[in-house]
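The sequence lines fix the lettering, A, B, ..., with proteins before strands; numbering per chain opens at 1.
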Amino acid sequence: MTLRTSRRATLLGGLSLPFVSRLARAAGEPVRLGTLCPLTGAGGSYGPAMVKVAKTIVDEVNAAGGVLGRQILLTGEDDQTNPDAGVRAARKLIDVDKVDAVIGTWASSVTTAVAPLCWENKVMLFTVSGADSITQMPHKGFIIRTQPNTHLQGTRAGEYLAAHGSKKVFSLAAQTPFAVDGYKVLTEALKAHGADTVGQVIYDQAKTTFRTEIDEMLKAKPDSLYLNSYQPDLAVLLRELFRAGYEGKKFTYGYAANAKLLGSVPANVSDGLVAFAPSPDVGSPAYAKVKAILGGAEPDPYSCQVHDHVSLAVLAIAKAGAVSGQAIHDNVRGVGDPAGTKVTSAVEGLKLLAAGKAINYEGASGPCKFTPTGDISNCKFRFDVAEKGKMKLLEIS
Amino acid sequence: MESYLLAMAVFAGFYALMALGLNVIFGLGGMINLGLVGFYAIGGYVSALLVLKLHWPMLAGWLAALLACAAVGAVVAVITARLKGDYLAIVTLGFAEVIRLVASNEIWLTNGTDGISAIPGPGRGVLSPLQFNLLFAAIVWGTVLVVALLLGRLSASPFGRVLRAIREDEMIAAVAGKKVLRFKVQAFAVGAGVLGLAGALYAHFNAYIAPDAYQPLITIYVVLALTAGGTGTMRGAVLGAVLVVFLTEGTRFAGNWVPGLAPVQVAALREASIGIALILVLYLRPQGILPERTRTLSLEPR
């Protein structure tokens with residue numbers, strides 16, 4: 001009898017290859033983690049670096065003996081910066097690769113779409129997305145977010161202003177979903193430090209002049225201005241403030257006070273403008289490592305955050321002594337024990353955990369301490385001031 | 001794995017429904033509609049909002065999505081009645097972008113770019129994820145079957161023949177006494193209705209919709225599905241949709257077989273291989289895998 005291979009049998013055989021290799025892998029029982037970063041689409045410029053950092057950290061941990069004596073298997077999928085494609089990729093990671101954590105979702109829409117799949121399947125989701133609504137979902141603790149939300153940003157802005165002598169702060173805010181909440185948060189932070197807000201005007205970004213808004217602001221006699229603006233409207237505002245002779249402090253967000261803004265207004269109009277933005281912890285050894293992994297260029301905040309996602313997941317598994325999404329969920333805050341020894345890498349932390357010691361993980365993105373809803377409770381911010389038409393670093397704190 | 005395969009079957013079903021809808025508009029009526037993701041979005045938003053905010057039963061939401069999209073489709077068809085070919089393609093592409101921008105900016109209604117989450121699905125929360133996927137796969141493919149049969153009837157009817165005549169030459173159809181605009185509007189409405197139904201099902205399966213989900217990428221996938229499957233035939237539309245989902249998903253696994261590639265290269269290779277596969281299909285079988293056969297077409301050697 002001759003062995004005949006039909007086309008159908010070949011097809012079935014070919015299709016079953018991945019399952020065969022999966023079975024073979026199951027014998028070694030690796031710990032499974034998945035990255036879901038944008039490799040194509042609008043976020044495509046960030047994802048590759050994020051994946052590279054994640055892969056390097058996993059390789060390091062594996063080279064040092066893995067976690068709980070098991071190797072880590074990192075699977076990556078491309079979310080295409082699209083929630084529709086992202087959901088399918090996440091389903092593959094969760095249902096086929098059986099990952100215990102999904103790491104590095106970038107676009108807020110992708111994160112929001114993927115999150116329910118994660119918590120329904122008890123898989124931990126680590127994200128760098130910024131939308132406040134993400135951690136307000138009923139996620140049962142299965143979301144950890146390392147990007148500061150608007151609440152944290154507003155609080156830090158208020159603290160900075162109060163610490164630098166502002167007593168009466170007026171807010172000019174572009175009409176966004178965050179304008180009202182942002183003002184509330186700013187007021188609370190200022191009041192806690194003996195200062196206060198003296199009013200807010202919410203304006204329509206599309207307007208070409210803000211004369212009436214500025215008159216109203218001047219009536220309140222503030223010593224500092226909080227400009228919750230975007231770059232185009234900020235350029236108009238700064239010109240009109242200059243013309244109106246306003247000489248108090250001016251404070252805004254880093255994304256508004258960009259190079260384009262400085263190029264579009266004269267230096268004496270922009271001078272003195274203080275801008276702030278969340279910053280990785282540039283003094284940390286973990287930051288230096290991320291920088292080295294990426295070939296020496298200053299890493300973007302997302303790569304730094306992914307470094308911490310992988311480290312936190314691995315350390316939480318080690319601390320739990322068990323491998324599951326639930327184990328990461330239960331222990332991700334436990335590896336940041338303020339009473340423990342400070343560590344800045346997963347390998348370092350694994351050694352101490354194996355020796356039965358408590359650890360306090362502080363990563364490349366910051367201290368990595370989380371609120372009960374999964375937001376970071378604090379991180380570093382950088383403050384720059386415009387001087388002669390250039391931004392100059394004031395401090396990172 | 002089973003859960004994943006079922007979920008992909010559901011997605012294939014959405015694509016099949018969209019390809020069927022497009023087939024009426026483009027395959028039979030010859031109107032190039034690159035705005036189908038806009039109708040998909042309207043369907044999703046209409047059903048999600050009615051069910052969540054006005055507490056309509058789910059089925060009523062789906063029906064409303066179908067009717068709403070049919071109405072919008074009719075309006076779009078009237079507005080674009082004088083446009084043909086590339087011009088119609090650009091206007092419909094613009095239509096989809098307008099829908100996406102409206103969904104991003106009318107925050108009071110659509111919750112803006114944060115999207116609408118926690119859209120109920122039949123049995124979600126009660127059933128296990130696997131059972132839910134199984135039930136939904138049955139619903140979607142049941143819908144595909146019914147829609148394909150109905151549209152098949154429509155295509156074989158005198159109505160379908162007139163549409164094909166308009167597709168081939170509007171002038172001749174008009175000279176033969178057919179009211180071209182009326183037929184075009186009707187075809188557009190029927191097709192858009194099916195697109196809306198697909199959108200509603202998608203919203204309730206995914207539980208979350210946001211403007212970002214409705215990017216032109218989906219339109220491209222569906223147009224490719226229809227062209228690869230066979231423009232003008234209902235079976236071809238369904239087959240093409242299954243093929244596109246098989247390609248997009250199957251290439252995920254193929255990436256593991258090519259050693260020594262960075263993830264970003266695998267992602268690029270994946271998109272490239274989808275493109276190459278479709279180019280090959282179109283090169284080797286320009287009429288599609290299941291080409292259209294009519295009494296006149298079957299006589300011509302192609």
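Looking at B:D212, the atoms closer than 4.5 Å to chain A (heavy atoms on both sides) sit in the backbone and in the side chain alike. Contact annotation for B:N133: only side-chain heavy atoms (C-beta onward) come within less than 4.5 Å of a heavy atom of chain A. Looking at B:E2, neither its backbone nor its side chain comes within 4.5 Å of chain A, counting heavy atoms on both sides. B:L130 does not touch chain A: none of its heavy atoms, backbone or side chain, sits under 4.5 Å away. In this structure, the portion of B:E271 lying under 4.5 Å from any heavy atom of chain A is its side chain and not its backbone. Both the backbone and the side chain of B:Y4 come within less than 4.5 Å of a heavy atom in chain A. Contacts between A:T40 and chain B at a heavy-atom distance below 4.5 Å involve the side chain alone, from C-beta outward. No part of A:T35 comes within reach of chain B, as not one of its non-hydrogen atoms sits under 4.5 angstrom from that chain. Contacts of A:D132 with chain B are absent, with no heavy-atom separation under 4.5 Å from either backbone or side chain. Interface remark: B:A207 contributes no atoms to any contact with chain A (heavy atom separation under 4.5 Å). Using a 4.5 Å cut-off between heavy atoms, A:A131 touches chain B through its side chain atoms alone. Heavy-atom distances place no part of B:F14 under 4.5 Å from chain A, backbone and side chain included. For a residue to count as touching a neighbouring chain, one of its non-hydrogen atoms must lie under 4.5 Å from one of that chain's; by this rule B:I209 does not touch chain A. Only the backbone of A:A85 comes within contact range of chain B, with heavy atoms under 4.5 Å apart.
When the options A:L117, A:V114, A:V96 are evaluated for a side chain to side chain contact (heavy atoms under 4.5 Å, CB included) with A:R91, the one that passes is A:L117.
The choice from A:K55, A:E120, A:K52, A:E77 that makes the most heavy-atom pairs within less than 4.5 Å of chain B is A:E77. Options A:V51, A:L39, A:N82, A:T112 differ in how many heavy-atom pairs under 4.5 Å they form with chain B, and the most are formed by A:T112.
Under the 3.5 Å distance criterion, the side-chain polar atoms of B:Q131 are matched with a main-chain donor or acceptor of B:S128. For the pair B:S47 (side chain) and B:G44 (backbone), a donor-acceptor distance under 3.5 Å is absent. At least one donor-acceptor pair closer than 3.5 Å links the side chain of B:R124 to the backbone N or O of B:F205.
Relative orientation of the A:W119 and A:H139 rings is tilted, given thresholds of 30° and 60° on the angle between their planes. Using the six-membered ring where Trp is involved, B:Y40 and B:Y214 have ring planes that are perpendicular, over 60° apart on the 30 and 60° scheme. Ring geometry for A:Y253 against A:Y255 counts as parallel: the plane angle stays under 30°, on a 0 to 90° scale with 60° as the upper cut.
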Using a 3.5 Å cut-off and no angle test, enumerate the donor-acceptor pairs between side-chain atoms of residues 94-103 of chain B and protein atoms at least two apart in sequence or in another chain.
| unit_1 | atom_1 | unit_2 | atom_2 | d |
| --- | --- | --- | --- | --- |
| B:E97 | OE1 | B:R100 | NH2 | 2.9 |
| B:E97 | OE2 | B:R100 | NE | 3.2 |

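Sorted by first and then second residue, the salt bridge (Lys or Arg N to Asp or Glu O under 4.0 Å) pairs involving residues 134-145 of chain A (not counting sequence neighbours) are A:R145-A:D375.
Taking the six-membered ring for Trp and the full ring otherwise, the centers of B:F132 and B:F136 sit less than 6.0 Å from each other.
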